[in-house]
Amino acid sequence: HTKLLQLLTTKPE
Amino acid sequence: HLHLEEFISRIMEAEPPEIYLMEDMKKPFTEASMMMSLTNLADKELVLMISWAKKIPGFLELSLADQIHLLKCCWLEILMLGLMWRSVDHPGKLIFSPDFKLNREEGQCVEGIMEIFDMLLAATSRFRELKLRREEYVCLKAMILLNSSEYLCTSSPQTAEELESRNKMLRLLDSVIDALVWAISKLGLTTQQQTLRLGHLTMLLSHIRHMSNKGMDHLSTMKRKNVVLVYDLLLEMLDANT
């Protein structure tokens, strides 16, 4: 998993 | 299908917070130290940019592949427009962050960067002449996000999902253009002046694309020559363009 993908798919806090 | 006023207030609220570099600046800069500060800041800003994009109404409804593609295309343009916005009231200076401000001469220590600084300063003066408003700025930034030329002009969607995402993206672009037109209409200008302003503002986007291309070449040269270590998210975003 790339960092961009990871940041895009994490739910906003 | 939000009302324009609500759409614009949502993209205003999506604006990232002010960011600090938080480094002990040792002046005079060397080529390596300046490139390290610039890339460290870019890496921090990229994380905030992704959160920003996610808050643009409709962005998360695009396919994940499109979200990735759009961000990889436009990230340096977005960083540059943000830099210009922060610098607009500071003629002759580039306000990378409140604790990292440079003038053009300071660009001398990095090979090839002064040319880019000069372009950024010139485009910033143009925004100053036009008295760019915050509402217009946020619309332009969202337009950059959605204006990937590869996407709009060269790829033809193959699957139903791709087609659906592309249509959503075009509708989203319509909303942003409507929002910009609406923001301009609030300025008390004649209809002709409004049309001219829309033209002038959107024409600046091609200069921003040009500067981004120059900046991307510059950064990949700096990386290739091992002047600076590019890592993590910034590396991923740079690699997508080289």
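Protein chains get the first letters and strands the later ones, always in sequence-line order, with residue 1 at the start of each.
Other residues, nucleotides and ligands place more than 12 heavy atoms under 6.0 Å from the CD atom of B:Glu23. Counting non-hydrogen atoms of other residues, nucleotides and ligands closer than 6.0 Å to CE of B:Met22 gives a total of 12 or fewer.
The two atoms that bring A:Leu7 and B:Lys54 nearest to each other are O-NZ, 2.7 Å, heavy atoms only.
Listed by chain and residue number, B:Ala14, B:Glu15, B:Pro16, B:Met49, B:Ile56, B:Ile78, B:Lys141, B:Leu145 satisfy the side-chain contact (heavy atoms from CB on, under 4.5 Å) test with B:Trp52 (two or more places apart in sequence, or in another chain).
Put simply, the side chain of B:Trp75 does not reach to within 4.5 Å of the side chain of A:Leu4, judged on heavy atoms.
Options B:Ile50, B:Leu71, B:Val47, B:Leu46 differ in how many heavy-atom pairs under 4.5 Å they form with chain A, and the most are formed by B:Ile50.
Against chain A, no residue from residues 214-225 of chain B qualifies, as none has a non-hydrogen atom under 4.5 angstrom away. Contacts of residues 232-240 of chain B with chain A at a heavy-atom distance below 4.5 Å involve B:Asp232, B:Leu233, B:Glu236, B:Met237, listed in sequence order.
Note that the CG atom of A:Leu8 and the CD1 atom of B:Ile68 stand 6.0 Å from one another [nearest 0.5 Å].
Residue pairs satisfying the side-chain hydrogen bond (donor to acceptor under 3.5 Å, both in side chains) criterion with at least one member in residues 169-179 of chain B, sequence neighbours excluded, are listed as follows: B:Arg171-B:Asp174.
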